[in-house]
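Here the structure comes first, spelled out in structure tokens, and everything after it is commentary.
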2 protein chains.
Amino acid sequence: MQNFDYQNPTRILFGQGSIAKLAKAVPANARVLLLYGGGSALRNGTLDEVKAALATAGIGHVSEFSGIEPNPTFETLMRAVQQVKAEQIDFLLAVGGGSVIDGTKFVAAAAALPEGEDPWNILLTGGRVVKSALPFGSVLTLPATGSEMNNGGVITKAATHDKLPFSSRCTYPQFSVLDPTKTFTLPKRQVANGVVDAFVHITEQYLTYPANARVQDRFAEGLLRTLVEIGQDAVNKPEDYDTRANLMWTATLALNGLIGAGVPQDWATHMIGHELTALHGIDHARTLAVVLPAVMQVRREEKRAKLLQYAERVWDIRDGSEDARIDQAIERTRAFFESLEVPTRLSAYQLDATAIDPLVAQLEKHGMVKLGEKQDINLETSRHILQAAL
Amino acid sequence: MQNFDYQNPTRILFGQGSIAKLAKAVPANARVLLLYGGGSALRNGTLDEVKAALATAGIGHVSEFSGIEPNPTFETLMRAVQQVKAEQIDFLLAVGGGSVIDGTKFVAAAAALPEGEDPWNILLTGGRVVKSALPFGSVLTLPATGSEMNNGGVITKAATHDKLPFSSRCTYPQFSVLDPTKTFTLPKRQVANGVVDAFVHITEQYLTYPANARVQDRFAEGLLRTLVEIGQDAVNKPEDYDTRANLMWTATLALNGLIGAGVPQDWATHMIGHELTALHGIDHARTLAVVLPAVMQVRREEKRAKLLQYAERVWDIRDGSEDARIDQAIERTRAFFESLEVPTRLSAYQLDATAIDPLVAQLEKHGMVKLGEKQDINLETSRHILQAAL
């Protein structure tokens, strides 16, 4: 096991009816700004429920900021920062999915920067300039990214299409409310994307090389098996409470730091996927479903031991030669994603071999020349991965 | 899944050499009291390493309190509280196992009580009178109880033999240092006890009834399988770093709140075991090894579904009738404990049927008349459990 430094202070209020617990979780006398996205939180009643809970707590000042985009932009969020300052807001409450929560983290950090510090530096330094942040919580409506229980966010500058991550010890939510019934009205496509997103968050921390981290492996395998078991029902039975509850908790644990503590990590699938979103507008999770099977295929030697363990412990594949078992595990992964109506080939997006050069050029431009758990995925290997994804 | 409210703010500094990180984890200018037990931390050099790290950090005031007992007593700990006040200590650092850390939690809470509040009320109220506590951290030397990453403690009043638990949101360690090399010098018996203690912490939160909490089940099973895989080597190969690392992290995760969130819990094995310690002085973990197989046997109908799941997922038992599979799972559990030289029968302690009446009387005296996940283990059922443990 590798040495690690793990801490996650976020409080999780889980279950049907938990929005009412906001009354205790938000500090009395807080001046609260609710942040949300395109209006689904408004239409499905979640926002009203949140406001009712805050009213019960006697919280006097509650204002709103709407319109945080699916890939939240610096420009939009800086308007929220202005509102925070103008209204002397001292507590932020995100109501939405990963984009709204990521955006709220940025607002919390930007609003607390010292005078004279350019908020864009938060992104240029990956969060290192963040020394404090406004306290904030979240009410999660879309299980997928894990942002509700970690300290990271990804923000885009609309003007330049720069998309940059940041994180800080100061940007963990104080609490997150996870009420599975708030996911019942989600479109199928978003739920399927959420299942795939969580799945690949886990494999990025698991499908590397053995590090004698037995518990982390077992936890990752348990999360993956759970997604395989519930994936179909999660998409197709929107009001099956227990299934949605298991999806919600699995997606949170997939990226809250626990399974990644003490083990090598990969993240090549994400980095290559990001370029597919940037150049072709493919949903984030859908890019991962295309890239992951190709990464498994191209990196089968480097990942051999863990791929065999994955085959056995996640898919119960025990018979046949090593290569046959690995082939079968890749095929099962692909079939799982396809069963959720998430394609696993570039051809599904009308992309052929001519798409590869521009994608590799973007990777080079963004400095993505040493990817993978051993930083040995260079541009040539990324090209092979994209070819295997055609 | 049941609703839950989960938070665990403790920072874990894990791995060989992590004691050096104390220099960053303890606040600069702190006035520190080191608390430890019977001197093993002194003899094996851990205490010197801790003091060297604090000296590197330039921490001026570092004093010591030694002699915290295996079952820490109110009387001893109140002397530590006096020292805290006399020296205006503002940070506590526990160096030891669960007893030292439990005791430090009590000192942290007692030292911060308002004037006029009797510290014994901390225990009489289970911690409800605790509204603040001194900050504290720990350096763990014995993987077993999980105290290093939870907020609970058990304290004994020597004068009356009362042994009472408490917990509070204020009594999580700020950090715990887990360096597996610091366990290399432990006696075999303590390591074996630690394996059993962690094992039963997990089963108390797992072997109940199905609650459709798939992740919690998978995590519990992953921890149990890990203990089964490493138990022998953990005891017999004291300097096998990876084995001790896996034991240490498993024992911590066994009782940090995570696997118990959203599921029913039992704890009957612990409650019955406590009386065996009180009346016969049997090590805590050793009482659990005697009681758990008997609980599985006597409660096989109530726990049937989970016992079958346990048989399959922890022990790979898939063939035979349901009852045959359960019998085999109980037998494998017993054999595992015995393989660590931890007996699983009262007869190993020269106790026969005449011991049962006094044990049942103690349970009654302590109000332990409704135990188990459905509070339906009455005194008669406890008697059957003790009979099955003969």
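In what follows, chains carry the letters A, B, and so on, assigned in the order in which the sequence lines appear, proteins first and then strands, with residues in each chain numbered from 1.
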Closest non-hydrogen atoms of Gly15(B) and Asn3(A), given as atom of the first, atom of the second and distance, are CA-OD1, 3.0 Å
Check ion pair Arg11(A)-Asp5(B) (N to O, under 4.0 angstrom): yes
When you check the gap from the basic side-chain N to the acidic O, do Arg225(B) and Glu221(A) get nearer than 4.0 Å? no
Under 4.5 Å from a heavy atom of chain A, the part of [X] involved:
{"X": "Tyr241(B)", "value": "side chain"}
{"X": "Thr10(B)", "value": "backbone"}
{"X": "Leu258(B)", "value": "side chain"}
{"X": "Arg244(B)", "value": "neither"}

Taking Gln7(A) for its side chain and Ile12(B) for its backbone only, find out whether a donor-acceptor pair lies under 3.5 Å. no
Leu253(A) versus chain B, heavy atoms under 4.5 Å apart: side chain, backbone, both or neither? side chain
Go through it in stages, so that I can follow the logic: the residues are Leu223(B) and Arg218(A), the test is side-chain contact (heavy atoms from CB on, under 4.5 Å), and I'd like the CA-CA distance, side-chain angles, deciding distance and then a yes or no. CA-CA 8 Å; Leu223(B) 293 169; Arg218(A) 292 284 181 194; over 6 Å; no
For Phe219(A) and Phe219(B), take the angle between the two ring planes, folded into 0 to 90°, and tell me which bin it lands in: parallel under 30, tilted 30 to 60, perpendicular over 60. parallel
Do the rings of Phe4(B) and Phe14(A) sit parallel, tilted or perpendicular, given the 30° and 60° boundaries? parallel
Best-contacting candidate, Lys21(B), Met1(B), Arg214(B), Gln16(B), against chain A by heavy atom pairs under 4.5 angstrom: Arg214(B)
Over 12 non-hydrogen atoms of neighbours within 6.0 angstrom of CG in Asp319(A): no
Tell me whether the count of non-hydrogen atoms from other residues, nucleotides or ligands lying under 6.0 Å of CG in Asn236(B) goes above 12. yes
Classify the side-chain pair Asn246(A)/Asn212(B) by whether it contains a donor and acceptor separated by less than 3.5 Å. yes
